Amino acid sequence: MRVLFKNVRTSETSEPITLHAEDGRWTSVAFSEREADTVVDLEGGFVLPGFVDCHCHVLPMGLDLQAVDLSGCWTREEVLRTIADAAASHEDGWLLAVQYDQTRFPEGSHLTIAELDPVTKGIPTILRHSSGHAAVVNSAVLQIAGIEAETEDPPGGEIVRDPNGRPLGPLLENAMGLAYRAAPKPTVARMRDAILAAQRRLRSLGITCANDMATGSRGLEAELAAYRMAAEERVCRTRLTILWERVFGEGGEQPSLETPPEWLRVYGIKLFADGAIGAGTAAMTEEYVTGGRGMLIYEPEELAEKVRTADSAGYRVAIHSIGDRSTATVLDAIEQTPRPSRHRVEHVMVLDANLIERIQRLGIAVTLQPEFLLRFGHAYKRQLGAERAARLKPLRTLRQAGIPVGLSSDLPIVPGDPWDGIRTAAARPEGFDQEENLTLEEAVEGYTRGAALANGDEDQGVLGAGCWADFQVYDKDPIQHPDAKLVGTFVAASAGED
Ligand SMILES: [Zn+2]
């Protein structure tokens with residue numbers, strides 16, 4: 001199968017060019033229109049390799065897309081009307097809503113069961129706060145979850161109550177878990193639909209391959225079945241990074257996928273070494289402004305043991321590590337494996353010269369999420385103070401050290417348009433060291449070739465011979481023109497497929 005793309009513009013030449021693909025991959029062996037099975041006229045469209053999101057959460061993103069979206073609601077009445085409409089057409093199960101935010105209401109106070117119950121008509125309903133740190137539930141949820149006046153607040157959480165101790169509906173921080181744990185797990189069919197919704201959304205953003213970075217939290221077997229079914233639709237290439245416990249923990253299982261690996265394959269195993277800066281749980285060498293140094297999730301030796309287990313079973317490991325104290329223990333663990341450069345570290349937000357030198361020496365790839373500076377910058381400054389916050393995510397220094405960097409979003413934690421990440425990497429927000437800016441071209445490379453290599457996909461991320469012919473088409477050069485429009489995203493079929 002030979003496809004010829006004509007009237008293509010790229011940053012390489014000023015004149016339109018022709019690109020050739022054979023069996024889904026770019027080829028340097030040119031053929032004529034007559035020799036082609038298909039000729040596609042891109043009409044002067046500007047072509048970039050498909051974006052690769054090397055760290056996001058595909059199924060959770062899709063489940064959010066299936067939920068009721070409250071982001072357009074600015075008053076409690078609007079929220080209640082939206083929920084009432086959703087309840088009226090709701091078929092079965094729980095009603096889940098996202099992007100609830102009471103701080104937008106003129107009065108600023110949370111909704112309560114007194115307002116929510118009349119519109120939800122007994123359907124268990126959870127409104128998740130846009131921050132992810134709170135939720136409001138109705139009486140049906142309180143009842144099913146057994147949350148009553150006598151229920152104690154869980155550690156690190158609060159059940160908001162009336163003066164008599166009766167729950168009012170809002171659940172803060174860890175108290176949310178009481179409600180979510182009582183909610184039914186989505187069925188495989190529902191997860192497949194969610195994954196497809198996420199993949200379609202990713203593709204609409206120009207993304208042709210995504211790495212799901214915590215596969216298995218809803219049951220590994222069921223999730224793998226759902227990903228396999230979704231892969232049949234050939235929307236977006238997908239890699240899975242499976243939670244360590246789901247493979248090596250009690251009742252763990254070896255994943256098996258009988259899908260063409262270019263569409264769906266296991267990338268590796270995910271471990272968490274620490275928490276997050278906003279919550280003060282990323283493990284730091286120096287104290288937070290608000291006190292404490294965060295925490296390591298595992299003792300260093302335990303982490304090293306887990307890495308060894310996965311490594312000797314043949315898996316790559318990707319480790320969440322945000323604080324500098326955490327990253328030091330992560331590098332210790334990776335250093336003990338026979339081939340450290342196979343593994344990868346996620347986020348690495350707080351670094352110093354010594355850590356950067358160690359990462360370089362070990363040949364490890366790191367993945368960063370520039371959009372975080374845009375969305376959470378205020379929290380970083382509050383937690384770390386201006387000086388330390390300014391040095392977060394030193395992309396220029398990492399690049400100069402020759403460290404392989406994959407850029408990514410961490411969707412659905414942020415909206416996740418790659419251009420938001422790219423433009424943030426190239427022009428860090430006020431208060432963040434401008435010396436660490438990348439050029440736009442470098443940032444695009446981080447979101448294409450860099451991210452593909454971080455995923456272990458040598459054959460993605462450039463318009464070069466041997467690589468998959470996955471690409472995006474814009475009406476004009478999106479690097480020069482922020483208003484350029486994405487007009488199409490192509491993901492190549494494999495040999496033998498249409
Ligand atoms: Zn993540």
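Atoms within each ligand, like the ligands themselves, are counted from 1 in listed order. Every value quoted in this text rests on a predicted model; they were computed, and no experiment measured them.
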Strictly distance-based, threshold 3.5 Å: is any side-chain N or O of Arg228 a donor or acceptor partner for the main-chain N or O of Thr259? no
d(Lys270 NZ, Ser217 OG) to nearest 0.5 Å is 10.5 Å
Test item: side-chain donor near acceptor, Thr367 and Glu346, under 3.5 Å:
yes
Residue set satisfying salt bridge (Lys or Arg N to Asp or Glu O under 4.0 Å) with Arg342, at least two apart, ordered chain then number -> Asp311
Shell check on the Zn ion (ligand 1): protein N, O or S atoms less than 2.8 Å away are His55 NE2, His57 NE2, Asp410 OD1
Under a 3.5 Å distance rule, please check whether Asp459 uses its side chain to pair with a backbone N or O of Trp468 as donor and acceptor. no
In terms of side-chain geometry, is the basic nitrogen of Arg428 or Glu436 positioned less than 4.0 Å from the acidic oxygen of its partner? no
